[in-house]
Amino acid sequence: MFPDFRKFETTLAGRPLVVETGKMAGLAGGSCLIRYGETEVLCTATMSAKPREGVDFFPLSVDFEEKLYSVGKIPGSFQRREGRASEKAVLCSRVIDRPIRPLFPKDMRNDVGVVATVMSVDPDCLPEITAMIGVSIAISISEIPWDGPISGVSVGLVEGKFVINPTEEERAKSDMAVTVASTADLVAMIEAGANEVDNETMYDGIMYAHKVNQEVVEFIKMIQKEVGKEKIPFESQEVPADMFEAVKDFAIDDVKAALDTDDKRIRDERLKPVYEKVHEKFDEVYPEQAEKLDECLYKLQKFVVRRWLLDENKRVDGRGINDMRPLDAEVDLLSRVHGSGMFTRGQTQVLTVTTLGTISDAQLLDGLDSETSKRYIHHYNFPSYSVGETRPSRGPGRREIGHGALAERALLPVIPSVEEFPYTIRLVSEVLSSNGSTSQASVCGSTLSLMAAGVPIKAPVAGISCGLVTEGDRFMTMVDIQGLEDFFGDMDFKVAGTKKGITAIQMDLKIHGLTPAIIKEALSKTYDARCKILDEVILPCIAEPRKELSKYAPKMLTTRIDPEKIGDVIGKQGKVIQKICSECDCKVDVEEDGSIFVSALDIENAKRAITIIETIANDPEVGAIFRGIVTRLMSFGAFVEIAPGKEGLVHISKLDVKHVDKVEDCVAVGDEVIVKVVEIDDQGRINLSRRDALIEIEGLTPEDDGESERRPSRGRGPRRGGDRRDRR
């Protein structure tokens, strides 16, 4: 049935890695079903027969498709089918895209589509790691030109030891989660989150993963040798050498003069007449290829910038190689928000706003892993005006999702636990101006905003990027790259962290990979730079988290009750909890473990709600005083509700400081009265005394004439019905 079916097996981190080819998706350019443990992913790669017209880039699409049947779930949508890709799926697509993209020919314009369809998930074997290896195999055995293969693994740090592809249990206690992709010789991609891990440990972990990757690359090469197709030639879209040299000779001095400024706007204005002069000169010389003149000018700018860096140690804006642009930090820019902070670095500027919400405001997740919600959320917006352009907003794209996730990962290790700070925290980073590394500016702005909002973060976090220019064995790194150095350089190595250590890394490359020496230097330079940002800008602006929240932020109190009492607190059809929320002007969230979260703008309302809840869930203590409502009158006394569903008896002898002949002479149904718990009998019945409460709270004595009872009740809250004696 399947004459071309082949099966290849090896072991990775003690678990079987099985690759099957020639059975599924036979019409794709290259395909394989890869099994790692019980995680199974179908990976395909296909290329169009002809180049796409009118594009000046390599059109590669990478899709990581989550199928909820892979974890035995039915989608929660109305249609009960998978919809648009989740943020997690987008991030996995980006992780696969980054190491494979630089290995395709830069002058190829044929569309290439890569799809990784997750069909089964073993929680101990990450599907994104399985997919990365599977995609590498699918492209390697296809006819698509590609300078691979690559391999990818995850490395954790569990109890001080590195663990390759940690299990779900190991990931829960790991101090870092680092994904490393490698070619046979070089590190091709790094994506990391860590609990303030120092540079040396991070470097050692990356190298440890790189060594394992090299073993997997050899396994993939063996598969390629056995079943790989011959790579096909493609129509190169490279700019003709003679055209580039002609443009270079004509315009290089003008380009140098235009680029030599620290202001992006001035640079763009200076370049406009250069483009016009080149087209005026060469449109008739190259009538068939006039559209490539702009690409020649792009290459010429790249040539100038790289020559300045490598030969003259000169940066476009005149800075030193390790100098940062002017830095500035501000907080409290917006009046009614819970916290705001703005960070400016040169012409890069990000404003981050913090909003505090209740636990029920946490984001619900419907994905392939065990994470069902998250209470810390970071969103990143990149409007067109930030780069001086105009285009309609279409919602967040892959870049915005990726940069928001990077900033979220950078700050997650310092976010207080829900026990320490029982809030949902949402950060929104608005990029106001962009000229290099807005993602790391959003990390700095977020630290400012969180501290201004009073979130007790464990340590301030800063981020910075490191660039790279290479030529043969020569290389040069520089910190705080601006847009031009990012476009024309070879690397954008983003590192965020505290003074203690790294919390996040994201490395984007345009070359095949990095040597250990480059990685070590980049880690060192970014550490020095982020410490400078913390010491000279962030901490002088706001030294520590504020002790009090904004008056516009909800005030949160927590308590814990016996889970068996949850039904009493909620009440039939939710009537009890609705009554608490209405009377106390608050919001109450109840967790299955008995945790109760109460939020209100007025802290006194929150305290009152907590008291009511604890009264419902627990027998009140003898001696406690409550303000209750008379619910029933009997000949021998009155029943008073001290909390929804919780009432006690005030015997007629305990109704007043004076003798009471009839209950009706003293109180009526609906009256609000002060009572004191005097006894809880063996059957849990509560005996109350209004007499003792009046003596203790109002200062009355049995000899008083009762006039003093009309005095205010010392701020104990409004009386709903008043005392019957007040109405007489």
Side-chain angles (χ1 to χ4, degrees), residues 559 561 565 568-569 571 575-576 579-580 582-585 602 604-728:
T559 188
I561 64 172
K565 298 287 187 177
D568 296 338
V569 173
K575 290 183 178 179
V576 173
K579 186 176 181 182
I580 296 171
S582 176
E583 289 187 359
C584 300
D585 192 18
D602 186 341
E604 293 303 321
N605 284 340
K607 289 178 179 178
R608 183 180 173 205
I610 286 288
T611 300
I612 293 173
I613 291 167
E614 290 179 340
T615 302
I616 295 171
N618 309 305
D619 288 332
E621 295 181 1
V622 173
I625 293 177
F626 294 93
R627 187 176 291 277
I629 304 296
V630 178
T631 57
R632 291 180 290 158
L633 301 183
M634 310 295 288
S635 61
F636 52 83
F639 285 93
V640 175
E641 185 182 63
I642 59 175
K646 179 87 69 172
E647 64 180 18
L649 173 67
V650 182
H651 191 269
I652 190 171
S653 64
K654 301 288 186 180
L655 273 175
D656 205 342
V657 293
K658 293 183 176 182
H659 176 74
V660 177
D661 290 323
K662 292 183 179 180
V663 174
E664 294 85 349
D665 293 338
C666 187
V667 294
V669 172
D671 280 356
E672 185 177 90
V673 294
I674 300 171
V675 292
K676 182 177 182 178
V677 179
V678 293
E679 182 189 17
I680 300 175
D681 66 19
D682 294 340
Q683 299 180 36
R685 293 177 298 193
I686 303 171
N687 291 319
L688 306 170
S689 172
R690 180 170 177 265
R691 178 180 185 274
D692 291 355
L694 290 171
I695 291 172
E696 183 172 335
I697 298 299
E698 301 287 357
L700 298 180
T701 66
E703 290 74 31
D704 277 333
D705 61 5
E707 290 301 314
S708 60
E709 191 175 349
R710 291 193 290 271
R711 292 179 298 175
S713 58
R714 300 185 184 179
R716 290 272 176 167
R719 294 190 175 189
R720 189 164 65 183
D723 195 293
R724 186 171 179 81
R725 190 176 305 170
D726 291 340
R727 299 199 303 272
R728 287 208 303 264

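Sequential numbering from 1 along the given sequence is applied to the chain's residues.
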Margin query: Whether the side chain of Asp671 engages the backbone of Val673 through a donor-acceptor N/O pair (distance < 3.5 Å, no angle test) should be reported.
Written below: no
Note to self: To check you understand the geometry: which heavy-atom pair defines the closest contact between Ile680 and Pro620, and what is its length?
What the structure shows: CD1-O, 2.8 Å
Using distance only, find each side-chain donor-acceptor pair of residues 628-637 under 3.5 Å and give its atom names and separation, not counting sequence neighbours.
unit_1: Thr631; atom_1: OG1; unit_2: Phe639; atom_2: O; d: 3.2
unit_1: Thr631; atom_1: OG1; unit_2: Glu647; atom_2: OE1; d: 3.0
unit_1: Arg632; atom_1: NH2; unit_2: Glu647; atom_2: OE2; d: 2.6

Next item on the list: Quick one: closest heavy-atom pair of Ile561 and Ala617, and the distance?
Entry: CG2-CB, 3.5 Å
Check: Hey, what do you get for CG (Leu649) to CZ (Arg685), rounding to the nearest 0.5 Å?
Finding: 9.5 Å
Check: Do the non-hydrogen side-chain atoms of Asp585 and Asp602 ever get within less than 4.5 Å of each other?
Finding: no
Notebook entry, point to check: Can you name the nearest heavy-atom pair linking Thr611 to Thr615, along with the distance?
Noted result: O-OG1, 2.6 Å
Check: How long is the gap from CG on Leu694 to CD1 on Ile625, to the nearest 0.5 Å?
Finding: 9.5 Å
Margin query: Set out, in order, the CA-CA distance, both residues' side-chain angles and the distance that settles salt bridge (charged side-chain N to carboxylate O under 4.0 Å, His left out) for Glu679 and Lys654, then state yes or no.
Written below: CA-CA 12 Å; Glu679 182 189 17; Lys654 301 288 186 180; over 6 Å; no
Checklist line | Reference residue Lys646; test side chain to side chain contact (heavy atoms under 4.5 Å, CB included); the match among Val576, Ile686, Asp568, Asn618 | finding: Ile686
Check: Distance from Cys584 atom SG to Lys579 atom NZ, nearest 0.5 Å?
Finding: 10.5 Å
Check: Say you draw a straight line from SG of Cys666 to CZ of Arg691; how long is it, rounded to the nearest 0.5 Å?
Finding: 12.5 Å
Checklist line | Distance (rounded to the nearest 0.5 Å) between Leu688 CG and His651 NE2 | finding: 13.0 Å
Margin query: Run the side-chain contact (heavy atoms from CB on, under 4.5 Å) test on Ile580 and Ile616 for me, step by step, so that the C-alpha distance in whole Å, both residues' side-chain angles and the decisive distance to 0.1 Å come before the verdict.
Written below: CA-CA 11 Å; Ile580 296 171; Ile616 295 171; 3.9 Å; yes
Note to self: List the residues meeting side-chain contact (heavy atoms from CB on, under 4.5 Å) with Ile610, not counting sequence neighbours, and say none if there are none.
What the structure shows: Leu557, Thr559, Val598, Glu614
Note to self: So which atom in Glu583 and which in Arg608 form the shortest heavy-atom distance, rounded to 0.1 Å?
What the structure shows: O-NH1, 3.4 Å
Check: Do Ser689 and Val650 come within less than 4.5 Å of each other through their side chains, counting heavy atoms only?
Finding: no
Checklist line | Closest non-hydrogen atom pair, Pro644 against Ile612 | finding: CD-CG2, 3.3 Å
